[in-house]
**Q** 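Once you've had a glance at the structure underneath, I'll fire off some questions.
Position 1 is the first residue of the sequence; numbering continues from there.
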Amino acid sequence: MTPATVFGLAGVTLLLAHAAILVVSRLQSQRTSKFLAVGLAVLIGYLPVHGTSLVEYGWSLIGHLSVTTLLLLVHGLLQRTGFPAPHEPAQFAGLMRLVACVSVLFYPFALGFAPIDPYAWGYHPFWILLGMFGIFLFAMFRQRTLIANVLTAAALGWLLDLYGSENLWDYLLDPLLAFYALGYLGWNHGGRRLWQSHGWNPAPQSEEAAQHGS
């Protein structure tokens with residue numbers, strides 16, 4: 001099994017684990033129940049159905065999740081199972097703002113709505129790496145370790161060719177992360193108030209749930 005296959009399956013596995021955690025968290029908050037739910041979800045995900053598991057099928061649909069997304073999924077899974085948060089909620093919000101800003105410029109241009117193709121820059125990413133280094137230094141200066149860790153992990157994934165892709169963007173960003181970041185910002189900057197103004201009053205959120213926009 002190649003590293004690309006391992007990381008491809010790992011992305012879908014983490015998504016299944018998060019789905020199980022979200023369902024169980026609505027019913028009870030015991031850590032044991034959450035661990036059992038994650039184990040059951042992973043077991044079901046890898047059961048072969050007509051020669052193909054649910055995880056393999058999911059990977060064929062969504063492709064590789066970026067290293068950024070994988071790291072955030074691991075962080076979120078640890079927090080939801082009761083482990084100490086590795087970063088403050090404000091750091092997660094800052095990363096979502098950064099991802100959203102990059103996404104609204106990157107994807108329209110990459111899809112041909114402009115005469116430039118930023119995705120092609122990922123094959124010769126000198127300027128992208130230079131920009132990442134600048135953001136890394138700024139993040140370290142402001143003690144935004146989550147952003148620094150994400151940039152470091154993505155760069156290492158690209159250098160080690162973990163996905164079998166020579167394009168740096170494949171390690172930095174993916175559509176699922178882009179949609180989540182935009183939805184997160186929309187929900188926390190007007191979306192929640194809009195729902196409440198129409199009579200929907202969600203239960204008070206814990207710090208952990210507020211961080212992940214749940």
Side-chain angles (χ1 to χ4, degrees), residues 10-11 14-15 17-26 29 34 62 64-110 118 128-129 131-157 168-198 200-214:
L14 287 169
L15 288 177
H18 268 273
I21 286 287
L22 288 174
V23 172
V24 172
S25 295
R26 301 298 179 184
S29 59
K34 294 179 179 180
I62 67 175
H64 277 94
L65 298 179
S66 65
V67 172
T68 303
T69 301
L70 295 180
L71 187 61
L72 291 178
L73 287 173
V74 171
H75 279 192
L77 194 61
L78 290 174
Q79 290 176 341
R80 291 186 184 279
T81 50
F83 290 91
H87 53 77
E88 298 176 358
Q91 294 195 39
F92 183 83
L95 178 60
M96 291 299 99
R97 286 191 289 270
L98 177 61
V99 170
C101 290
V102 173
S103 298
V104 297
L105 295 175
F106 175 78
Y107 281 106
F109 286 10
I128 300 175
L129 289 171
M132 288 172 59
F133 184 65
I135 297 174
F136 173 85
L137 292 178
F138 179 78
M140 293 300 294
F141 177 74
R142 296 295 300 273
Q143 296 183 339
R144 297 294 190 262
T145 55
L146 178 61
I147 294 177
N149 290 342
V150 162
L151 293 175
T152 302
L156 286 175
L168 179 58
W169 286 114
D170 293 333
Y171 301 86
L172 280 171
L173 191 63
D174 61 77
L176 182 65
L177 177 61
F179 280 119
Y180 181 85
L182 293 170
Y184 175 90
L185 293 181
W187 176 251
N188 288 283
H189 294 278
R192 186 190 302 275
R193 289 191 297 272
L194 180 63
W195 275 87
Q196 291 174 341
S197 68
H198 284 78
W200 187 70
N201 187 22
Q205 288 188 313
S206 65
E207 181 180 285
E208 170 196 331
Q211 174 185 349
H212 291 273
S214 308

**Q** Under 3.5 Å, side chain of His64 to main-chain N/O of Asp170, donor-acceptor pair present?
**A** no
**Q** Do you know the tightest heavy-atom contact between Ala139 and Ala148?
**A**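 Nearest pair, atom of Ala139 first, then Ala148: CB-N, 4.1 Å.
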**Q** Which atoms form the tightest heavy-atom contact between Ala10 and Leu70, and what is the distance?
**A**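 Between these two residues, the closest heavy atoms are C-CD2, 4.4 Å.
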**Q** At what distance, to the nearest 0.5 angstrom, does CZ of Phe138 lie from CD1 of Ile147?
**A** 8.5 Å
**Q** side-chain contact (heavy atoms from CB on, under 4.5 Å) between Met132 and Phe136: does it pass, once the steps are laid out?
**A** CA-CA 6 Å; Met132 288 172 59; Phe136 173 85; over 6 Å; no
**Q** Nearest 0.5 angstrom please: Leu172 CG to Thr69 OG1, how far?
**A** 10.0 Å
**Q** What pair of heavy atoms forms the shortest contact from Tyr171 to Gly157, and how long is it?
**A**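 Closest approach of Tyr171 to Gly157, heavy atoms only: CE2-O, 3.2 Å.
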**Q** Might you point out which heavy atoms bring Met96 and Leu185 nearest each other, and give the distance in Å?
**A**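 Shortest heavy-atom separation between Met96 and Leu185 comes out as O-CD1, 3.9 Å.
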**Q** Hey, what's the ring geometry for Phe92 with Tyr184, parallel, tilted or perpendicular (30° and 60° as the breaks)?
**A** perpendicular
**Q** Got a second to check how far Thr68's OG1 is from Leu98's CG, nearest 0.5 Å?
**A** 9.5 Å
**Q** Quick check: closest heavy atoms across Lys34 and Arg80, and the distance to 0.1 Å?
**A** NZ-O, 2.8 Å
**Q** Does Asp174 use its side chain to pair, donor to acceptor, with the backbone of Ser66 at less than 3.5 Å?
**A** yes
**Q** Using every non-hydrogen atom in the two residues, find where Ala178 and Tyr107 come nearest and quote the distance to one decimal.
**A**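 In this case the closest contact between Ala178 and Tyr107 is CB-CE1, 3.7 Å.
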**Q** Going from CG on Leu151 to CZ on Arg144, what distance comes out if it is rounded to the nearest 0.5 angstrom?
**A** 14.0 Å
**Q** Roughly how far, to the nearest 0.5 Å, is the CG atom of Leu95 from the CG atom of Leu177?
**A** 7.0 Å
**Q** Applying the side chain to side chain contact (heavy atoms under 4.5 Å, CB included) criterion to Phe133, which one of Ile135, Leu129, Leu137 satisfies it?
**A**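 With Phe133 as partner, Ile135, Leu129, Leu137 yield a single side chain to side chain contact (heavy atoms under 4.5 Å, CB included), made by Leu137.
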**Q** Check whether any side-chain heavy atom of Leu65 sits under 4.5 Å from a side-chain heavy atom of Leu14, and report yes or no.
**A**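 Leu65 does not reach Leu14 side chain to side chain.
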